[in-house]
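A short write-up of the structure that comes next.
In this text the structure is predicted, and so the values were computed from the model without any measurement.
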Amino acid sequence: MAFASRALRPFRVLRTGAALRCAGAALGALLVLALGGAAVPSLPTPLAHTSPALGADISYPQCRALPPSNVAFGVVGVNHGTSTTTNPCLAAELAWANGTAGGTAQPKLQLYINTSNPGEPGPAPAPAGWPKSGSTPYGTCSGQSTSACAWQFGWDRAAEDVAERLAPAARSAGLPTGANSYTWWLDVETANTWQPDTTANRAVLEGMTASLAAQGARIGLYSTARQWGRIVGSAPSTSPLAALPEWLAGATTADGAKELCSQAPLTSRGRVELAQYMAAVDGDYPCPG
């Protein structure tokens with residue numbers, strides 16, 4: 001549920017690349033299968049990554065196209081834009097990322113998942129997936145719009161992403177099904193539904209982090225400084241978010257992404273590891289260090 005009058009929605013760095021490079025006949029066949037037999041349309045000249053050391057990130061908007069072939073690593077969106085949905089061509093895109101060139105410190109295949117806090121205060125009906133119970137670091141969840149239930153909501157969504165989304169798609173692609181085989185980036189953007197209570201918003205992310213960490217996964221944060229500030233505010237040094245690696249967005253060129261690597265991190269002990277720049281398909285610059 002999105003409550004426009006209360007949710008934070010000023011802008012978003014969209015991953016909606018329309019032009020993608022052919023990545024080989026085998027992947028093309030897999031994508032056609034993912035689309036239920038639909039033909040992949042012919043495409044104009046795709047993004048121009050200028051270095052094989054760069055990566056790219058794709059998700060459901062690229063389901064009807066072929067991903068770029070000249071990249072070192074790929075970050076694949078697990079969801080269909082919101083935290084309770086599934087990318088319909090996840091298996092095909094996992095296979096693409098696994099077949100990227102490598103050669104950098106970044107894993108060839110990484111994942112990102114949508115995040116949100118739809119728990120609106122007051123008498124509004126509980127949103128889809130909102131927990132009714134749970135014991136959390138914020139106390140006991142009893143189904144209300146509290147930080148405790150927000151934390152449990154985050155835990156549940158991450159567990160669902162692993163069991164109901166990653167596992168079947170990875171199995172179909174012949175890849176490991178466990179969360180511990182991948183880096184998971186938490187996509188924190190104002191385009192999704194958030195509440196004015198930044199503590200509760202942070203609790204969602206902490207619940208997701210705890211859920212993935214319990215399965216041995218590596219977790220990171222994706223956002224911009226502006227969006228992070230509006231959604232989370234700041235994370236205390238004691239928060240499990242405070243030392244996570246970070247993937248910053250907002251650049252429009254690879255050179256601009258390189259500059260993001262030296263920007264202050266979102267959290268007190270974070271380190272900027274990746275920087276995204278917008279293109280026909282968004283590119284990703286691996287930060288040194």
Side-chain angles (χ1 to χ4, degrees), residues 7-8 12-13 57 75 77-79 82-83 106-107 110-119 131 134-139 141 145-162 179-180 182-250 260-276 284 287 289:
L8 300 171
R12 184 181 185 183
V13 179
D57 55 274
V75 192
V78 171
N79 308 106
T82 59
S83 61
Q106 289 297 319
Q110 305 176 50
L111 307 171
Y112 75 85
I113 53 177
N114 289 112
T115 65
S116 66
N117 178 12
S135 178
T136 82
Y138 289 87
C141 167
S145 180
T146 61
S147 294
C149 288
W151 188 97
Q152 188 66 50
F153 177 81
W155 175 286
D156 293 347
R157 295 290 70 73
E160 184 179 271
D161 283 333
V162 175
N180 60 341
Y182 306 96
T183 295
W184 296 71
W185 298 97
L186 307 185
D187 184 351
V188 184
E189 301 188 51
T190 52
N192 283 314
T193 302
W194 298 97
Q195 303 308 318
D197 184 348
T198 57
T199 298
N201 293 342
R202 186 180 79 237
V204 171
L205 304 178
E206 291 174 343
M208 298 183 87
T209 297
S211 182
L212 291 168
Q215 299 187 60
R218 182 173 185 266
I219 307 106
L221 302 171
Y222 167 93
S223 196
T224 67
R226 179 182 175 186
Q227 293 181 94
W228 181 262
R230 289 178 65 87
I231 295 167
V232 179
S234 60
S237 61
T238 55
S239 168
L241 307 178
L244 295 180
E246 297 178 7
W247 174 19
L248 297 187
L260 283 178
C261 291
S262 59
Q263 182 172 301
L266 304 172
T267 64
S268 59
R269 294 183 286 128
R271 185 180 71 83
V272 182
E273 188 171 290
L274 281 180
Q276 182 193 64
D284 299 297
C287 299

Got a donor-acceptor contact below 3.5 angstrom from the [X] side chain to the [Y] backbone?
| X | Y | result |
| --- | --- | --- |
| Gln227 | Thr190 | yes |
| Ser116 | Asn192 | no |
| Glu246 | Thr267 | yes |
| Arg269 | Ser237 | yes |

Trp155: what forms a ring-ring contact (aromatic ring centres under 6.0 Å, His included) with it, not counting sequence neighbours?
Trp151

With sequence neighbours excluded, what pairs up with Trp185 under the ring-ring contact (aromatic ring centres under 6.0 Å, His included) test?
Trp247

Just so I know, are the side chains of [X] and [Y] near enough to count as touching, which here means a heavy-atom distance under 4.5 Å?
| X | Y | result |
| --- | --- | --- |
| Phe153 | Cys141 | no |
| Leu241 | Trp228 | yes |
| Tyr138 | Thr199 | yes |
| Asp284 | Gln106 | no |

Reference residue Val78; test side chain to side chain contact (heavy atoms under 4.5 Å, CB included); the match among Asp187, Ile113, Asn114
Ile113

So, applying side chain to side chain contact (heavy atoms under 4.5 Å, CB included) with Leu205, which one of Asn117, Ile219, Ile231, Val232 is it?
Val232

So salt bridge (charged side-chain N to carboxylate O under 4.0 Å, His left out) across residues 204-213, not counting sequence neighbours, yields Arg202-Glu206

